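First comes the structure, then the notes that go with it.
Residue numbers run from 1 in the order of the sequence given. On a predicted model such as this, the values are computed, not experimentally measured, just so you know.
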Amino acid sequence: VTHAVPLESLEDSFSDAEVVDFDEKVREQLEHVEYSVEPKVDGLSVALEYRDGVFVRGATRGDGRVGEDVTENLRTIQSIPMVLPEKLPRLIVRGEVYMAKKVFAALNAEREENGEQTFANPRNAAAGSLRQLDPRIAAKRRLDIAVFNLQLAEGRTFTTHAETLAYLRTQKFKVIGNKVVDNVQDALAEIRRLGEERAELPFQKALLNGELPQTMGGGIGQSRMCVYLLRKAHVGEVQASLWPQDVQDACRKANIQLL
């Protein structure tokens, strides 16, 4: 499956100072900067496509350009809506399929009791379940999803990333929680709060992260840049995913390294 909008990977850095430096460089290019701070699930990234409000196809991220068709297995995930309230001609969202910690523990206990090899972690369990040839097996694994980005929306325009998340909630998607802040110190404070509460999250992560997408421009088809901040224990990471050419040019002028 060729993705209509690439599912980009992320770039890392490793300190609060680098985050602050990034913020300063971005503000040299933009009058208004806004961050949406979000926990990020360490699962299997997928794109969900809807035509006229009906779910028609789902694919794994793959290499970001081409992924594996897993439509029938995705249909077994109860938190993925099959029909949306608003019937846009075409809508594509990105989400992370995961196995909840409680489900993972129960699955491994059952496999151990049956003499089967257990899964190393919830991410591997989710990935293996989603790639099952038999959707009935995937259905038994009780997978879940957290939607975190609007990739494409024909017939709709949005000003900020936070607006897209609010819209997706009205369309019955299970959307990742987020907090909007307008300065980098508040963003870092929110990430620290998320780190302190990581044990309470229903999903397990190799890294607990605060995800800070920042939208530039007037809508889905216009300039957009995402900044991702992650934190694990005392280690901070920043990841950046950058899209259209005008945004890339602005970042190069600010000496921001692109993928």
Side-chain angles (χ1 to χ4, degrees), residues 5 7-10 34-50 55 58-61 64 74 77-81 84-85 91-104 122-123 126-127 130 142-153 156 158-182 186-215 220 224-232 236-241 243:
V5 179
L7 276 62
E8 300 288 1
S9 59
L10 305 173
E34 182 178 274
Y35 295 105
S36 175
V37 187
E38 309 161 11
K40 186 178 183 304
V41 183
D42 185 32
L44 186 68
S45 192
V46 298
L48 310 177
E49 181 173 352
Y50 294 77
F55 177 61
T60 62
R61 178 182 177 273
L74 287 170
I77 299 178
Q78 294 184 3
S79 49
I80 295 179
L84 305 180
L91 179 84
I92 302 176
V93 303
R94 183 174 177 179
E96 203 83 359
V97 172
Y98 68 93
M99 181 176 289
K101 289 185 287 188
K102 289 182 179 180
V103 175
F104 171 72
R123 187 184 190 282
L130 195 59
R142 297 163 56 195
L143 298 175
D144 210 335
I145 192 170
V147 171
F148 63 87
N149 198 58
L150 177 58
Q151 300 289 100
L152 178 71
R156 277 273 190 173
F158 301 89
T159 302
T160 68
H161 172 75
E163 285 182 9
T164 69
L165 295 185
Y167 170 74
L168 292 177
R169 291 185 183 101
T170 70
Q171 299 305 298
K172 310 306 180 185
F173 287 104
K174 185 175 182 179
V175 178
I176 199 77
N178 70 303
K179 179 178 180 178
V180 177
V181 298
D182 61 7
D186 284 351
L188 291 171
E190 178 64 7
I191 289 173
R192 285 189 282 272
R193 185 191 68 80
L194 288 171
E196 292 168 358
E197 298 178 1
R198 63 178 300 177
E200 300 175 16
L201 296 172
F203 45 82
Q204 185 171 350
K205 288 191 51 52
L207 295 171
L208 177 77
N209 46 14
E211 184 179 40
L212 286 78
Q214 170 195 343
T215 302
I220 289 299
R224 166 174 288 185
M225 181 171 99
C226 286
V227 181
Y228 296 81
L229 299 183
L230 302 100
R231 174 162 300 282
K232 178 184 180 183
E237 300 181 1
V238 170
Q239 302 188 342
S241 172
W243 291 314

Exercise for the section: Say whether, by atom type as modelled, one donor and one acceptor occur between the side chain of R123 and the main chain of G43 under 3.5 angstrom. Expected result: yes
Exercise for the section: Measure the spacing between CG of L168 and CG of L84 and express it to the nearest 0.5 Å. Expected result: 9.0 Å
Handout entry: Residue pair I92 / A47: nearest heavy atoms and the distance that separates them
Key = CG2-CB, 4.2 Å
Exercise for the section: Given side chain to side chain contact (heavy atoms under 4.5 Å, CB included), test V181 with V37 step by step and report yes or no. Expected result: CA-CA 8 Å; V181 298; V37 187; 4.0 Å; yes
Handout entry: Closest non-hydrogen atom pair, A146 against V41
Key = CB-CG2, 3.8 Å
Practice task
Start with the C-alpha gap between F173 and Y50, add the side-chain angles, then the distance that decides, and say whether ring-ring contact (aromatic ring centres under 6.0 Å, His included) holds.
Solution key: CA-CA 12 Å; F173 287 104; Y50 294 77; 5.4 Å; yes
Exercise for the section: Answer whether the closest heavy-atom distance between the side chains of Q78 and L143 falls below 4.5 Å. Expected result: no
Exercise for the section: Go through the steps to decide whether L152 and L91 satisfy the test side chain to side chain contact (heavy atoms under 4.5 Å, CB included), and finish with yes or no. Expected result: CA-CA 5 Å; L152 178 71; L91 179 84; over 6 Å; no
Exercise for the section: Report the C-alpha separation of R94 and V5 in whole Å, then their side-chain angles, then the decisive distance to 0.1 Å, and conclude whether the side chain to side chain contact (heavy atoms under 4.5 Å, CB included) test is met. Expected result: CA-CA 10 Å; R94 183 174 177 179; V5 179; over 6 Å; no
Practice task
Answer yes or no: is there a donor N or O on one side and an acceptor on the other, between the side chain of R61 and the main chain of L7, under 3.5 Å?
Solution key: yes
Practice task
State, yes or no, whether a side-chain contact exists between D182 and E34 at a heavy-atom distance under 4.5 Å.
Solution key: no
Fill in the blank from the handout: Of all heavy-atom pairs linking F148 and S45, the shortest is CZ-OG, 4.3 Å
Practice task
Of all the heavy-atom pairs spanning L74 and A59, show the shortest one and how long it is.
Solution key: CD1-N, 4.2 Å
Problem - Distance (rounded to the nearest 0.5 Å) between Y98 OH and L44 CG - result: 14.0 Å
Problem - Value rounded to 0.5 Å, distance of OG1 in T164 from CD in Q151 - result: 10.0 Å
Problem - side chain to side chain contact (heavy atoms under 4.5 Å, CB included) between L130 and V46, worked out - result: CA-CA 10 Å; L130 195 59; V46 298; 3.8 Å; yes
Exercise for the section: Look only at the side chain of Y167 and the backbone of L150, and say whether a donor-acceptor pair between them is shorter than 3.5 Å. Expected result: no
Practice task
Could you tell me which residues satisfy side chain to side chain contact (heavy atoms under 4.5 Å, CB included) with E163, sequence neighbours excluded, listed by chain and number?
Solution key: F158, T159, T160
Completion exercise
When every non-hydrogen atom of V147 is compared with those of V93, the smallest separation belongs to CG1-CB, 4.0 Å
Practice task
State, to 0.1 Å, how close G177 and P39 come at their nearest heavy-atom pair, and which atoms those are.
Solution key: O-CD, 3.3 Å
Fill in the blank from the handout: Taken in chain and number order and not counting sequence neighbours, the residues that satisfy side chain to side chain contact (heavy atoms under 4.5 Å, CB included) with N178 are S36, E38, A162, L165, R169, V180
